[in-house]
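Shown next, in structure tokens, is the structure this report addresses.
Reminder, nothing fancy here: chain letters follow the sequence lines and each chain counts from 1.
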Amino acid sequence: MTESPQAADFIRDIIAQDLANQVNNGRLQTRFPPEPNGYLHIGHAKSICLNFGVAAEHAGGRCNLRFDDTNPEKEDVEYVDSIQEDVRWLGFDWEDRKFYASDYFAPLYQYAEELILKGKAYVCDLSAAQMREYRGTLTEPGRNSPCRDRSVEENLDLFRRMRAGEFPDGARVLRARIDMASPNMNMRDPALYRIRRVEHHRTGNEWLIYPTYDYAHGISDALECVTHSLCTLEFEDHRPLYDWILDQLDLPCRPRQIEFSRLSLEYTVMSKRKLNALVQSGVVSGWDDPRMPTISGLRRRGYTPESIREFCRCIGISKSPNRVEHTLLETCLRSDLETRSPRTMAVLRPLKVVIDSLPEGFEQPLSVAVHPQNEAMGKRTIFLTREIFIEQEDFRETATKQYKRLVAGGEVRLRNAYVIRCREVIKDPASGAIVELRCDHDPETLNANPVGRKVAGVIHWVSATRSVVGEARLYAPLFTVPEPDALKGEIVEQVNPDSVEIVTGCRFEPELAGAGGGLPYQFERLGYFHRDRDSTPDHPVFNRAVGLRDVWSKNESRG
RNA sequence: UGGGCCGUCGCCAAGCGGUAAGGCCCCGGAUUUUGAUUCCGGCAUACCCAGGUUCGAAUCCUGGCGGCCCAGCCA
């Protein structure tokens with residue numbers, strides 16, 4: 001797709017200015033710092049596009065991948081693997097700069113001793129509950145911990161013994177010595193280290209104490225010589241702490257934290273906690289369920305990296321609260337696939353049509369464009385046979401003049417083939433259901449318009465004999481309300497029960513049986529469909545990534 | 001209620017004292033063997049509100065109002 005040029009935003013403005021002013025000697029270093037405790041979602045894509053994107057826009061700009069793995073209780077290698085796959089799939093490259101906060105556990109520990117030596121940190125014996133009590137509230141200042149004035153020697157001794165495993169989990173923490181009366185709760189002597197006898201996915205059992213995010217993040221940034229540390233708005237209140245920590249220590253570089261608003265999307269949820277709940281409960285089939293807003297879910301659904309990048313460009317970067325309409329995401333996919341997706345005809349709900357004017361056993365090969373606007377994509381061959389299938393909804397016994405498809409006694413064009421006329425409607429005598437149509441074709445209408453009359457409608461079809469049977473999965477939003485985050489109760493119980501519709505007995509052009517996992521196909525007149533990994537050679541399964549824009553059904557249902 | 005941040009079209013979002021970009025949606029119309037695509041045209045006398053400064057304000061000042069975030073030994 002022709003990707004739009006990257007527009008400026010307040011972060012790019014700041015960076016351009018810093019670069020112009022030779023701040024950090026004109027270096028630009030960003031980082032994408034996921035915690036490996038879940039799969040990446042479209043909100044992360046926004047951050048990835050920003051961090052890797054802005055680095056790529058400047059000569060010498062670099063973006064690191066850094067796993068923020070300071071809490072072994074929640075983290076797992078499964079997630080570090082999926083995260084790397086997703087970032088790469090999105091089209092970004094950290095080259096040889098894959099780091100982990102856990103790479104810095106040793107220096108982090110040394111810096112903590114340094115803080116103690118400077119009287120800027122102390123070991124606190126308060127329990128978690130007590131600490132909460134001492135912290136005060138939003139409107140009342142906190143109280144100093146009784147341990148706050150311990151001597152440097154005692155603090156150092158205690159901290160070393162914390163590390164050595166002399167105290168049980170949770171017994172003590174190392175705290176920054178800042179200001180228990182600060183109006184900013186984050187500055188009320190925040191915890192820096194906690195005791196956790198948990199195996200870490202990379203450091204194993206080497207450490208019994210683990211640094212907190214607030215302590216580790218800024219130092220990790222500085223050690224990597226990150227110049228611009230971009231994060232979401234909820235960390236705005238942490239910036240004074242981020243700066244405080246860097247101010248106390250003698251570090252090689254001085255990063256600057258800048259915050260932007262996180263992405264919200266209509267009809268879905270974005271918090272890892274909620275997404276995890278959906279996965280664990282089984283209401284979705286996994287992190288890559290095509291209804292999920294995860295990168296892996298979007299990929300399985302049929303979204304392309306290009307379309308997701310374009311989406312991220314479209315939404316921009318700002319500090320305003322936002323909730324983006326999901327039609328924008330769909331538009332980005334459609335506009336990507338419109339230009340390069342191969343076309344095919346598929347009938348989801350088949351209605352048998354017999355063309356009586358064609359002889360028994362008739363087969364006519366038709367060479368048709370893979371993409372009508374792009375000849376370079378070549379031709380494919382389809383076969384017209386006496387028996388074909390059309391879409392059930394493309395026939396009505398009676399209809400208003402607005403209905404441009406086939407009606408009893410009326411004419412319609414078979415896409416890429418002839419105009420046919422419906423002579424007879426065969427019904428099941430018991431149920432009255434339409435089971436078959438008998439039609440005649442007009443032999444003069446292949447690649448030519450009929451003379452003396454106009455046939456407005458064009459419908460897709462597939463040969464009854466030259467086709468394969470398979471399955472289509474049609475998706476609707478996971479939630480029926482635009483703001484599911486506002487819903488009360490368990491998120492798992494709020495999921496739209498009709499968010500997936502499995503249609504079996506679909507008919508596809510034969511080549512789709514063995515189609516690879518490349519770009520989604522456009523099923524003409526229906527939408528873009530992506531082959532699912534549940535497919536088998538004799539039973540293709542296609543996910544509808546997105547439908548075609550459809551003003552007709554919208555207007556008709558409107559009345 | 002303490003602190004931080006945000007408020008420009010239905011949804012994103014430019015704008016940085018000189019008289020409201022752009023995209024999405026939406027509405028017309030043209031072309032069309034996909035009711036798709038493409039193409040033309042329309043879509044904020046108005047920037048949360050109220051005052052003030054100024055020749056001139058979405059932009060500066062003052063005061064309101066509304067929304068989001070923070071009281072994890074999560075990130």
With syn meaning chi within 90° of zero and anything else anti, the base of B/G10 is anti

Measure distances between side-chain N and O atoms of [X] and base N and O atoms of [N], and say whether any donor-acceptor pair falls under 3.5 Å.
X	N	answer
A/Arg413	B/U33	yes
A/Arg343	B/U34	yes
A/Arg239	B/G4	no

Closest to the side chain of A/Glu338, out of B/U37, B/G35, B/U34, is B/U37

Picking from B/G35, B/A36, B/A13, the nucleotide nearest the side-chain atoms of A/Asn322 would be B/A13

Reading nucleotides 65-75 of chain B from 5' to 3' and marking B where a protein heavy atom lies under 4.0 Å of the base, S where only the sugar-phosphate is that close, and - otherwise, the string is ----BBBSBBB

Taking the six-membered ring of A/Tyr418 as reference, does the cationic atom of A/Arg413 (NZ for Lys, CZ for Arg) lie under 6.0 Å from its centre and within 45° of its axis? no

(request) Return yes when atom CZ of A/Arg262 has more than 12 non-hydrogen atoms of other residues, nucleotides or ligands closer than 6.0 Å, and no otherwise. (result) no

- Query: Heavy atoms under 4.0 Å, any strand shown: does A/Ala7 hit a base, just sugar-phosphate, or nothing?
  - Reply: nothing

Whole-Å distance, A/Ile315 CD1 to B/G23 C1', equals 12 Å

On RNA chain B, more 5' by nearest nucleotide between A/Thr139 and A/Val458 is A/Thr139

Quiz prompt | Close aromatic pair by centroid cut-off 6.0 Å: A/Phe67 and A/Tyr79 | solution = no

- OP1 or OP2 of B/C12 under 4.0 Å from side-chain N/O of A/Ser320: no

OP1 or OP2 of B/C11 less than 4.0 angstrom from a side-chain nitrogen or oxygen of A/Arg323, does that happen here?
no

